[in-house]
Amino acid sequence: MEIQKPGMKVGAAAVIVLLAGAGAGFAGQPSLVIDGQTMITKAKAPAYTPKLTSVQSGWVFRSKETQALQLDDFDNPGFVFVDKGRDLFNKVEGSAGKSCASCHELKDFIGLRTRLPRVNKDGHLETMEDLVNKSRTKYMGAKPWKYSGSKMTAVTALISLQSRGMPMNVAVDGPAKPFWEKGKKLYYTRVGQLDLACANCHEDNYGKMIRADHLSQGQINGFPTYRLKNAKLNSVHARFKGCMKNVRAKPYKQGSPEFKALELYVASRGQGLSVESPSVRN
Amino acid sequence: MTITRRYALALGGGALALTGLSGLPAFASVADDAIMKITGGAKVVEGGVDLTAPEIAENGNTVPVAVSAPGASVITILAPSNPSPAVATFNFGPLSGASEASTRMRLAKTQKVIAVAKMADGSFHTASAMVKVTIGGCGG
Amino acid sequence: MAKGVKPRVKVPKTASAGDVITIKTLISHKMESGQRKDKKTGKIKPREIIHRFTCDFNGQNVIDVKLEPAISSNPYFQFKAKVPTSGEFKFTWYDDDGSIYSTSKKIAVG
């Protein structure tokens with residue numbers, strides 16, 4: 001078993017210990033069915049990820065106890081934040097005297113999560129957080145929310161929930177192409193003291209143990225996700241930041257062009273997986 | 001497979017050393033003291049209580065735990081290797097449908113979690129479960 | 001009052017007289033254990049938890065829980081209740097800072 005890659009720094013090999021095949025002992029829940037709806041947790045990998053035979057939701061890699069928390073919307077602690085999101089959605093704020101609900105019905109958002117991030121008319125790549133803050137500043141006359149703050153994640157969880165069960169389907173061609181290429185480049189670029197790229201863990205070694213943790217494919221179909229670790233909803237960019245800090249790299253800013261491009265690329269690696277937001281992870 | 005085997009051996013050895021050196025004596029007294037506080041020194045019988053917790057907790061911050069003891073009026077959960085051993089005490093009232101409850105707890109490290117049930121007749125019953133608390137992948 | 005505390009409870013809407021039903025409750029709360037250090041100041045953050053949770057039905061107690069700092073953030077409980085007649089469940093959480101959060105749910109027996 002050769003885990004040291006050419007060009008990998010010695011320090012990285014010493015710190016990151018991967019145990020081959022250790023994941024085989026996990027006995028998880030048979031499938032992810034929520035309220036009678038079966039989530040697609042494994043799908044055929046897209047043509048542009050030749051190293052993957054299938055794409056798999058992060059849910060697959062969790063222990064049966066963590067998996068169980070997502071089977072019931074009451075057991076899922078993420079839903080107390082969805083409730084808060086609902087209150088925020090109806091709350092009038094800003095100079096225009098409007099709330100989100102003044103212009104939107106929740107059902108308008110069915111399917112939206114599957115298509116984000118996307119390129120807008122002005123040629124900018126937009127995440128759901130961008131859309132929320134654009135509405136707040138442009139139409140409500142309210143202050144933008146912090147990119148991964150608790151109000152933002154509560155509302156993005158509520159909006160994403162409207163697409164739960166629907167397969168991820170982001171555009172990667174046309175105007176999205178240059179952003180996707182940029183994200184792909186970031187995905188394969190080694191960074192930080194540990195000199196690791198996203199791909200080193202989440203493509204080359206998913207399914208193996210990294211110390212006591214079962215490495216997933218790093219899919220984002222369940223975001224925002226409730227993590228047992230910090231007991232709150234976590235945005236995609238906050239997770240990217242955490243990962244970069246873990247490999248001891250200086251993270252890009254949340255909402256930065258780099259993280260948005262990476263989000264698009266990572267989302268495209270999970271095409272076909274059901275939106276699970278708000279999912280539960282460790 | 002050399003790296004894997006060596007790592008596995010090292011891990012096993014480390015776990016043994018920990019158990020042998022630091023774990024047991026301190027654990028026993030803290031647990032005994034905590035149980036004594038509940039029972040006031042009365043005899044405690046093994047069994048008659050079900051304690052369900054994962055063998056391996058993915059994160060010590062949120063560990064699901066369930067207790068059940070038919071006929072109990074009070075059930076206390078203890079985690080003796082936490083900074084303070086008590087976790088929760090369930091008092092079952094007249095309209096309780098069964099002497100059972102589930103919650104989610106914090107475990108500071110790998111340890112034997114204990115449930116102590118006080119039965120309606122005043123006797124005490126206990127059960128325990130070993131829960132391994134793991135550390136995340138990269139510093140997480 | 002701790003910021004943004006929000007309770008959730010799950011109770012069946014109907015039951016038959018004498019039924020035993022399952023109740024689930026969750027409340028958003030940090031459950032500051034009194035063990036953590038403030039990263040900025042280096043000082044221990046003072047304990048601030050919900051220390052007691054009760055569920056009553058038409059004024060009679062179902063369960064009365066004493067919570068310690070070892071209960072996870074966003075405390076969750078699942079337990080069983082006997083339902084003799086139609087009525088109302090009252091759920092109450094007691095915060096260290098003196099705040100009391102409560103909510104109620106009706107159930108119809110028929």
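Here is the naming used below: chain letters follow the sequence lines, and residue numbers restart at 1 for every chain. Reckoned from all heavy atoms, side chains included, excluding hydrogens, waters and symmetry mates.
Nearest heavy atoms, A:Phe79 versus C:Arg8: CB-NH1, 3.3 Å. When every heavy atom of C:Leu26 is checked against every heavy atom of A:Pro77, the shortest pair comes out as CD1-CA, 3.9 Å.
Comparing C:Lys30, C:Met31, C:Lys6 by how many heavy-atom pairs each has under 4.5 Å with chain A, the most go to C:Lys6.
In this structure, C:Lys10 pairs ionically with A:Asp72, as a charged nitrogen and a carboxylate oxygen lie closer than 4.0 Å.
The ring pair (Phe, Tyr, Trp, His ring centres under 6.0 Å) search around C:Tyr94 returns none, not counting sequence neighbours.
Scanning residues 66-88 of chain C against chain A with a 4.5 Å heavy-atom cutoff picks out C:Ser73, C:Asn74, C:Tyr76, ordered by number.
For A:Phe81, the part lying under 4.5 angstrom from a heavy atom of chain C is the side chain only. The part of A:Asp87 that comes within reach of chain C is its side chain, from C-beta onward, which places non-hydrogen atoms under 4.5 angstrom from that chain.
The number of heavy atoms from other shown groups lying within 6.0 Å of NZ (A:Lys151) does not exceed 12.
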